[in-house]
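First the structure, in the form of structure tokens, and then the observations on it.
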Amino acid sequence: MIKKVSLLIVVVLISAMLVYLPMQKTFALDMIEEQVEEKIFCKATLQDDFVDDAVIVVLNQNASFEFIDYVPEDFAEVNCEVIDDLTGYSTKVIKKYYNAEQSISALKSNIEKKTSINVENYHRILCLTLKDKSKANVLKTIKQLETRDDVLIAEPNYIGFACETLNDPLYHKEYHEKDQWGLHTEFGISAPEAWDITTGNSTILVGVMDSGIDGQHEDLKNRIYDNLHMDFLEDTPKSVNKNELIDLTGHGTEVAGIIGAQGNNRIGVTGVAWDVRLVSLRVSNEKEEWNSEWVQNAIDFAESKYTQKHFNH
């Protein structure tokens with residue numbers, strides 16, 4: 001029996017990360033009235049870190065709801081060779097329920113009670129792989145794309161790096177000679193008082209967007225969810241079996257431990273919410289690099305796939 005559950009999707013990447021700010025616009029589903037959305041122009045420079053043969057494109061809502069299967073010829077002016085839909089998961093769900101004659105409230109009701117997709121803020125996001133490989137060409141291509149009526153945002157496929165973490169055993173004892181002092185003491189977050197109210201529960205999934213999770217870690221293995229784990233580093237995202245989970249650098253495991261390491265078991269550390277379930281969404285490689293394409297794919301997967309149907313009690 002499928003039990004209705006409360007679902008919290010948290011995607012975590014401990015570093016400065018590209019954030020797409022959704023446009024708060026409402027729209028008529030019949031698309032008769034053209035929407036006017038304000039373009040956001042790119043300010044990237046050659047000094048920024050980004051992939052030298054790709055551009056990220058956010059379509060406006062009118063173009064998004066046309067559900068076009070784009071091919072390179074649709075962007076002939078920029079000489080691209082591959083187009084990947086970074087909102088493919090959510091687009092598939094919306095197309096399933098979309099009816100041009102129904103109201104926005106009806107579509108929202110059908111979709112948002114089953115997924116975490118925000119229908120009103122739905123914009124398709126594409127990644128265009130360019131034939132000419134250079135950062136200068138990326139910036140030139142962006143300027144060309146910004147002249148198109150269907151393009152709301154064009155920007156580089158930014159590269160980011162995970163923040164450095166220290167492995168010194170006494171690092172967390174420097175201030176008050178206590179491990180995990182940030183959870184308690186007068187300078188902490190008062191976690192023990194919160195735990196009197198809740199320690200989370202197994203109906204809450206937390207997606208960790210990072211370098212992976214060590215599935216055999218003694219303080220985490222009982223808190224890892226049975227499925228839904230994904231690796232977004234390949235050209236085609238792939239699912240990962242719970243028993244095959246690895247961490248490429250250790251960073252993701254540390255983050256997962258902060259979130260939900262098993263508590264009250266006399267082992268290692270205690271997570272802030274030790275009764276939640278963890279899902280590995282790998283978006284960072286062995287060099288601790290991530291990019292906008294991998295991150296957006298993971299967010300899209302989380303919004304469209306983390307639904308109550310995955311919980312069978």
Side-chain angles (χ1 to χ4, degrees), residues 7-11 13 17-42 54-71 74-75 83-128 142 145-146 148-155 157-158 205 207 209 228 230 232 237 281 283 291-310:
L7 177 61
L8 172 66
I9 303 302
V10 179
V11 282
L13 183 65
M17 186 169 76
L18 168 72
V19 178
Y20 164 61
L21 299 177
M23 275 53 65
Q24 301 295 328
K25 297 286 185 179
T26 58
F27 54 90
L29 287 181
D30 57 15
M31 296 298 163
I32 295 175
E33 181 180 353
E34 289 294 316
Q35 296 301 307
V36 178
E37 297 181 280
E38 185 176 350
K39 284 180 179 286
I40 298 177
F41 293 96
C42 180
V55 174
I56 304 297
V57 174
V58 180
L59 300 178
N60 62 34
Q61 286 190 331
N62 288 321
S64 297
F65 275 90
E66 291 177 356
F67 303 119
I68 296 173
D69 292 325
Y70 287 97
V71 295
D74 293 315
F75 292 89
I83 298 178
D84 293 311
D85 189 346
L86 306 186
T87 44
Y89 295 106
S90 55
T91 296
K92 183 178 180 180
V93 173
I94 290 177
K95 284 179 68 175
K96 178 180 178 180
Y97 293 98
Y98 175 75
N99 182 334
E101 302 301 323
Q102 71 182 155
S103 66
I104 178 62
S105 59
L107 183 62
K108 282 168 56 67
S109 176
N110 284 333
I111 293 178
E112 294 183 5
K113 69 182 179 182
K114 299 179 177 67
T115 75
S116 298
I117 298 171
N118 188 324
V119 176
E120 288 188 337
N121 292 332
Y122 168 68
H123 292 80
R124 288 184 68 187
I125 303 177
L126 310 176
C127 180
L128 278 57
I142 288 172
L145 291 170
E146 287 177 336
R148 290 176 58 120
D149 292 337
D150 56 352
V151 171
L152 192 62
I153 303 171
E155 63 184 15
N157 185 5
Y158 287 106
L205 296 185
M209 290 172 52
L228 299 177
M230 294 288 292
F232 295 95
L281 304 176
V283 298
N291 66 42
S292 305
E293 178 182 1
W294 299 339
V295 170
Q296 173 53 39
N297 266 326
I299 293 172
D300 185 53
F301 175 83
E303 287 183 336
S304 60
K305 295 294 184 181
Y306 290 4
T307 70
Q308 66 183 50
K309 72 180 180 181
H310 291 113

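The shown structure was predicted, so the numbers you read here are calculated from the model rather than taken from an experiment.
Across all their heavy atoms, I142 and C42 have their closest contact at CG2-CB, 3.7 Å. Nearest heavy-atom pair, T115 versus S304, reported as atom, atom and distance to 0.1 Å: CG2-O, 3.7 Å. I83 approaches V71 most closely through the heavy-atom pair CD1-O, 3.2 Å. Closest heavy-atom contact between H123 and V58: CB-CG1, 3.8 Å.
The CD1 atom of I125 lies 9.5 Å from the CG atom of N297; values are rounded to the nearest 0.5 Å. Note that CD1 of I153 and CD1 of I40 are 4.0 Å apart. Values are rounded to the nearest 0.5 Å. We find the CD1-CD distance between I111 and E303 to be 11.5 Å, quoted to the nearest 0.5 Å. One finds the CG atom of D150 at 7.5 Å from the CD1 atom of I68 (value rounded to the nearest 0.5 Å). To the nearest 0.5 angstrom, T91 atom OG1 is 2.5 Å from Y122 atom OH. Rounded to the nearest 0.5 angstrom, L152 CG and F41 CZ are separated by 9.5 Å.
Among residues two or more places apart in sequence or in another chain, the salt bridge (charged side-chain N to carboxylate O under 4.0 Å, His left out) test is passed with D74 by none. Applying the ring pair (Phe, Tyr, Trp, His ring centres under 6.0 Å) criterion to F75, with sequence neighbours excluded, gives Y70. Not a single side-chain hydrogen bond (donor to acceptor under 3.5 Å, both in side chains) links S64 to another residue, sequence neighbours left out. For K39, the side-chain hydrogen bond (donor to acceptor under 3.5 Å, both in side chains) test picks out no residue, with sequence neighbours left out. A search for salt bridge (charged side-chain N to carboxylate O under 4.0 Å, His left out) contacts involving D85 returns R124, not counting sequence neighbours. Evaluation of the ring pair (Phe, Tyr, Trp, His ring centres under 6.0 Å) rule for F67 yields F65, Y98 as partners, not counting sequence neighbours.
Under the 4.5 Å side-chain criterion, counting only non-hydrogen atoms from C-beta, M209 is in contact with I299.
Between the D84 side chain and the L86 main chain, no donor and acceptor come within less than 3.5 Å of each other. In this structure a side-chain-to-backbone donor-acceptor pair under 3.5 Å is present from N157 to S292. For the pair E293 (side chain) and I56 (backbone), a donor-acceptor distance under 3.5 Å is absent.
If you check the side chains of D300 and S90, you find a donor sitting under 3.5 Å from an acceptor.
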